[in-house]
Amino acid sequence: MPTPAEDPARNGSTGRARPDPSAVATTASPAQARPGLAQLATYVPGAAAGTLAERSADGRTAPLASNEHPLGPAPAAVAALRDAADQVGRYPDGAARALTEAVARAHAIDPRLVLTANGADNALTVVGLGMLHPEGEAVVPVPSFAAYRTASLLAGATLRTVEIGDEGLDVEAVRAAVTPRTRVVWLASPNNPTGAALSRADAQRLLDALPAGAALVLDEAYAEFRDDPALADGIALAAEGAPVIAVRTFSKAHGLAGVRAGYLVAHPTLVAELAKVREPFALNHLAEAAAVAALGDTEHLEAARELVARQRPALIAALEARGVRVAPSQGNFVWADLGVDAATAASRLLDHGVAIRPGGAWGRPQHARITVGTPEQQALLLEALDAVLPHCPTSTGAPQP
Ligand SMILES: *Cc1c(COP(=O)(O)O)cnc(C)c1O
């Protein structure tokens, strides 16, 4: 019997057989992406919430792998999304004036310092393409967010990778990696996955080390969860005229990861240049409407902050009581040394409806990044860890898949 692909009757009126799709993979001379891309890896996201619900035996789930906030978006942001749906037949405002001005108001800065983006990830790519070039260097801390490496390599820059440690930020190591060719120093504060954040004094030490024209990129995706007054604020530094590019997102504290909205704050002349790199309608109409509404609901943001302020110490204490070493964190997540192979633990936790992020991708096979959740989610996590951890092997140190 002919397969559908071979059956001429199923291939339109010409009777000509369509090519077998599986044969495409073996084409003799496919077009090839540029050679530098071989150094890049495809981003692997954490387990999706839907997958978890399927795996959970009793319907309880704890999606703690992607640092999303359990409260989700403000009701006003969801309402704004619904209202905005009627207008998607038209292009969005390319300059995203409503959000640019709302962000400027929220931080009491001039709107010319603000460039909106299709999520912080998009802002990081814009920074990489707008700041870096093949003659320049990028200082890339590890373990940290993978996008810095990607954005740097896309621009053809030379990477200077620096170990910053699992507890605290080794700022001296970052400083030592700066050379006269440095164009960008990437730093997340709080750092993902470790939770460590940059003090004002250390930010100044880094700024003092930068050559003229270079930028300290402070990725502040988790800024809203910081509670140490000695920490640097990237937006304040940029507003004071320091060569800082602060990057923020609506994905974490504002609970809008699914709509993709973020922005950067930098000197207005740099913002004007970077605006040329960003695609014309980067921020879609729905995302802009939701983000503006989210900024307007300060009560919801405060509730999101309070939940983390309560639950983060509870999570750390409960993990430490189980002999798990946890780094101090300024984010809505903790970096825990499980003492066993974390990839094995994470995959067994899925059967309990629990998702955490194993550290193999960061070269830390016994570590895991665990998002701060609700009391119920954390109770499920701890119950599942108690069931799973005693039976997990220690890591062989082999690279994770
Ligand atoms: C989650 C995260 C981002 C990505 O934010 P999006 O706006 O969702 O692209 C950027 N930086 C860090 C450090 C993050 O953890």
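Atoms within each ligand, like the ligands themselves, are counted from 1 in listed order.
- In terms of heavy atoms, Ala368 sits closest to Ala342 at CB-CB, 4.5 Å.
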May I have a table of the N/O to N/O pairs between ligand 1 and the protein that fall below 3.5 Å, each row giving the two atom names and the distance to 0.1 Å?
| from | atom 1 | to | atom 2 | distance (Å) |
| --- | --- | --- | --- | --- |
| ligand 1 | 7 (O) | Ala120 | N | 2.6 |
| ligand 1 | 7 (O) | Thr249 | OG1 | 2.5 |
| ligand 1 | 7 (O) | Ser251 | OG | 3.2 |
| ligand 1 | 8 (O) | Ser251 | OG | 2.6 |
| ligand 1 | 8 (O) | Arg260 | NH1 | 2.7 |
| ligand 1 | 8 (O) | Arg260 | NH2 | 3.2 |
| ligand 1 | 9 (O) | Ala120 | N | 3.2 |
| ligand 1 | 9 (O) | Asp121 | N | 2.9 |
| ligand 1 | 9 (O) | Asp121 | OD2 | 3.0 |
| ligand 1 | 9 (O) | Arg260 | NH2 | 2.6 |
| ligand 1 | 11 (N) | Asp219 | OD1 | 3.3 |
| ligand 1 | 11 (N) | Asp219 | OD2 | 2.6 |
| ligand 1 | 15 (O) | Asn192 | ND2 | 2.8 |
| ligand 1 | 15 (O) | Tyr222 | OH | 2.6 |
| ligand 1 | 15 (O) | Lys252 | NZ | 3.1 |

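- Salt bridge annotation for Arg312-Asp227: present, with a cationic side-chain nitrogen under 4.0 angstrom from a carboxylate oxygen.
- Nearest approach of Ala304 to Ala253, heavy atoms of both residues: CB-O, 3.7 Å.
- For Asn118, the side-chain contact (heavy atoms from CB on, under 4.5 Å) partners are Asn122, Arg260, Ala282, not counting sequence neighbours.
- Comment: Arg205 engages Asp202 in a salt bridge, judged by a side-chain N to carboxylate O separation of less than 4.0 angstrom.
- Ion pairing between a basic and an acidic side chain is recognised when a charged N comes within 4.0 Å of a carboxylate O; Arg364 and Glu163 show such pairing.
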